[in-house]
Every structure is written in C-alpha cells, then in structure tokens.
Amino acid sequence: MNSDSQNAPRAPARILSTDPASLAEAASKILAGGLVAVPTETVYGLAADATNGAAVASIYTAKGRPSFNPLICHVADLAMAESLADFSPLARALAARFWPGPLTLVLPRKSSCPVHELATAGLPSIAVRQPQHIATLEIISRVGRPLAAPSANPSEQLSPTTAAHVAAGLGSRIDLIIDGGPCSAGLESTIIAPGEDGAVMLRAGALARSEIELLTGPLRSPDHAKGIVAPGMLRRHYAPHARLRLGATAPESGEAFLAFGAPPSGVSPSLNLSIRGDLAEAATNLFAMLRALDETHDSIAVAPIPNVGLGEALNDRLRRGAAHSRENEL
Ligand code: TXA
Ligand code: MG
C-alpha cells in the first residue's frame, strides 16, 4: 500500500466471519502484504506479515502511530517463537504455563530472526506472544510467519474489543476485519521481560501479577535508567475524548458515572463495570463502556477500583486515559 492509496478514500473494510474460507482469505491478504484486523482474547489486533517491511510500515501509517514504537509478534506455537527469540529456562517456563494466553514476553532477538527491523524498531529484543483465539492461531499457521499486531485502533484511542469497534476506528484504512466475537479478556496482554536476575513487568495487563509471580518471584518495575521500558507506555494512551475523573463515589452534574460494584445508595450509575465487583468482568467491559459513555458525555466519573489482581491493569489504563485532565496527573 503506498501513501497515495492511504490518503485516497477507500471502501470500508469488509467484515468476515471465522469460517475456513474467510480465514484462508485473511491469510492470503496478509501474505500479499495487506492489513487484517484479527480477534484475540485480549483486544483486536491489526495484523501484518512481520517479515514484510512494507506491510509493517502500513500498520504504523494506518494507526497514525509513532514509528519508534515496537510491535508484538504473534506466533502460532512455541516453535515459531523460538525461531525468533532466545528463550531462557524461565522464559520457556512462562510460555509453557501461560501460552496460548495474555502474556507477552520481551526476549533477546535471535540473529537469524526473520522479523523486519521496523517491527522491533531496531531493538535487540523482540516481543512475542501466542494469542488464545482459534481463528487467529489458524490464520498465523496458514501464513506460516509471525504476525506483527498492535491493538487495532488509531494511536492513543481506546483499544477495540469488538469487530464493530475496529470498523469504527480503522474501517476506512484497512482491508479486512475477522469478526471473532467480543474479546474475552478485554485488556491488552501483560508484558514481561524475564532476565537473569528476575523478571520485569513492562506493562500490567490481562494476566494478573500474582499468577506470574508464582513462577518468577517478585516482578520488578521497569528500570528507566537502563531504558528497559515498553515505549508504548506513553502516559496519555488508551484515552477516550471525554474527561475522566477517577476514584469518584458519585457523579457531579453533567457527568456520566461508571460504577464498579454495588453503587452507593441514591446513586444511579450510567453503566456498571461489574455489579458483582468482579475485576475480570470489569476488564472485559472497560473499553466498550468507556467508548459508549464517550458518545454521550464530555465527562465521565469512574468509581474506585481496588488495585489488586486485574485491578492493577484496569487502574493503569484509567490513569492513562485521564492523563490529559490536570487534576488526574500521574
Ligand atoms: O494484548 C495485546 O498485547 C495486543 C493484542 C493485539 O495482542 N497487542 C498490543 O500491542 O497491545 P501494542 O503494539 O498496542 O502494544 C505493544 C507493547 C507496546 O507498549 C510496545 O512498546 C511494547 O509492547 N514492546 C514491543 N516490543 C518491545 C520490546 N522489544 N521491548 C520493550 N517493549 C516492547
Ligand atoms: Mg495499543
């Protein structure tokens, strides 16, 4: 795809199901250098052949994303991952325990790794994950190469958890969307860099810290001095247009109220992330509910969410979404 065709009006992307013919079409589109939005258990990804530099470049163009931001390479199985990266025993144990699933491993890139340097932004490391969605695993197997796939949304906007969200954000900029239903986790993967002296958590996500720590011991925070940070962790990220007010017990006049758990008496929430106070259910609903309230309100008050388990990732996304609002500065 060249920049002229990027700017010219295009037909909206076709939305296909997960039947075998559609998956075959998705795979051949990708092999031809096209962009296909694919379902995963976390969020929808905007996938291209990770070994094709022009295809990877078109991901950045479609998303309007700063090109220094490296992408996650999605693999069909551990064997494909091991052809890209060096696995330490700890990395292998993490993959064996959590793949397919919402865990991304940042590992040393193999010198024979076929992934285009643009996908890894020239870094000596590579982020890999085996997603847990049968349709996307089938597409990767058919392509026979890793797929570079960031979340399928315009840069800085909310991650999509349905095919309709993808169509609304990127429909005019991509070729195809595979509709695999709503994402079961609804939050991006947790990103871990396992090292010799323990593991670093680069991004909180759909796999809770406590589960990973059973294998890794205490996870460390990114060491900014050493530059081991996920560059995608820009502070303002995952943002709705509306102003977010966090930790709110009740809405003020004109605000929507996004509740978590039973609301205080007399308060009627606009939407409830989980009336049962279930963090996994809240994670599944977060982006879709922010998106819905963003359509109707300029300001959204969000109830406090406990910072345990998946609450760590939920609060991270909310703080980033709120970062443009002065009173919520991190
Ligand atoms: O759940 C997910 O992870 C989704 C689905 C589609 O798999 N993908 C996703 O990708 O969230 P993306 O590109 O939006 O986020 C990738 C993150 C960014 O924060 C990026 O900076 C970081 O991974 N990353 C990628 N390669 C890295 C590397 N070599 N070192 C450190 N961070 C890296
Ligand atoms: Mg993203």
Side-chain angles (χ1 to χ4, degrees), residues 35-48 50 56 59-60 62-75 84-86 98-110 113 115-133 136-137 139-140 146-161 165-166 169-170 178 180 183-195 199-207 222-224 226-239 283 287 313 316-317 320-321:
L35 293 181
V36 178
V38 298
T40 83
E41 81 282 30
T42 59
V43 299
Y44 274 72
L46 180 58
V56 173
I59 293 181
Y60 292 117
K63 279 185 65 94
R65 164 180 260 206
S67 58
F68 48 78
N69 224 353
L71 306 172
I72 295 173
C73 292
H74 296 72
V75 295
L84 311 179
D86 287 327
F98 296 115
W99 282 2
L103 175 71
T104 294
L105 296 173
V106 172
L107 301 170
R109 185 189 156 116
K110 270 206 160 87
C113 173
V115 167
H116 194 275
E117 294 247 341
L118 188 57
T120 50
L123 293 169
S125 56
I126 182 167
V128 283
R129 115 176 165 91
Q130 183 190 17
Q132 186 172 41
H133 196 294
T136 295
L137 289 172
I139 293 171
I140 306 171
L147 300 187
S151 50
N153 51 279
S155 190
E156 293 201 349
Q157 294 189 15
L158 291 171
S159 295
T161 55
H165 295 163
V166 180
L170 292 177
I178 297 293
C183 300
S184 58
L187 274 183
E188 293 83 353
S189 59
T190 304
I191 305 182
I192 299 293
V200 178
M201 188 181 213
L202 296 174
R203 176 175 78 183
L207 184 62
D223 183 346
H224 291 261
K226 283 193 186 160
I228 316 172
V229 292
M233 300 305 283
L234 301 171
R235 196 180 57 173
R236 179 165 148 71
H237 205 197
Y238 311 106
F287 291 133
D316 171 81
R317 302 303 184 273
R320 283 170 205 289

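Keep in mind that this is a model prediction, so the values were computed, not measured. Counting starts at 1 for both ligands and their atoms, in listed order.
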Based purely on interatomic distance, does [X] place a nitrogen or oxygen under 3.5 Å from a nitrogen or oxygen of ligand 1?
{"X": "R203", "answer": "yes"}
{"X": "T42", "answer": "yes"}
{"X": "H74", "answer": "yes"}
{"X": "E188", "answer": "no"}

Heavy-atom check, side chain of [X] versus side chain of [Y], under 4.5 Å:
{"X": "L123", "Y": "R109", "result": "no"}
{"X": "P194", "Y": "L107", "result": "yes"}
{"X": "L118", "Y": "Y60", "result": "yes"}
{"X": "T42", "Y": "P131", "result": "no"}

Nearest candidate to atom 8 (N) of ligand 1, where distance is taken over non-hydrogen atoms, out of G45, A149, S159: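 It is A149 that holds the nearest heavy atom.
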
List every atom of ligand 1 that sits less than 4.0 Å from any heavy atom of S125, numbering the atoms from 1 in the order shown and giving each element.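 Once the distances to S125 are compared, the set is 28 (C), 29 (N), 30 (N).
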
Those atoms of ligand 1 less than 4.0 Å from some heavy atom in A127: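 Those of ligand 1 that fall under 4.0 Å from A127 are 25 (C), 26 (N), 27 (C).
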
Test your reading of the model: is there a side-chain donor-acceptor pair from K63 to the backbone of S151, 3.5 Å cut-off?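 At least one qualifying donor-acceptor pair exists.
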
Using atom types as modelled and distance alone, determine if a side-chain donor or acceptor of H133 lies under 3.5 Å from a backbone N or O of G180.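 A pair under 3.5 Å: yes.
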
For the residue pair T104 / S189, report whether a side-chain donor-acceptor contact shorter than 3.5 Å exists.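 Note: S189 and T104 side chains meet the donor-acceptor criterion.
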
Please determine whether N153 has a backbone or side-chain N, O or S atom lying under 2.8 Å from the Mg ion (ligand 2).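 It does not: N153 brings no N, O or S atom closer than 2.8 Å to the Mg ion (ligand 2).
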
With a 4.0 Å cut-off on heavy atoms, is S151 touching ligand 1?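 S151: in contact with ligand 1 (<4.0 Å).
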
Any I72 heavy atom less than 4.0 Å to ligand 1: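 Yes, that is the case, since the closest heavy atom of the residue is under 4.0 Å from the ligand.
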
Supply the atom-to-atom distance H74 NE2 to I139 CD1, rounded to the nearest 0.5 angstrom.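 So the NE2 of H74 and the CD1 of I139 are separated by 12.0 Å.
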
Using heavy atoms and a threshold below 4.0 Å, how should the contact between L187 and ligand 1 be classified: side chain, backbone, both, or neither?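 Looking at L187 and ligand 1, no heavy atom falls under 4.0 Å.
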
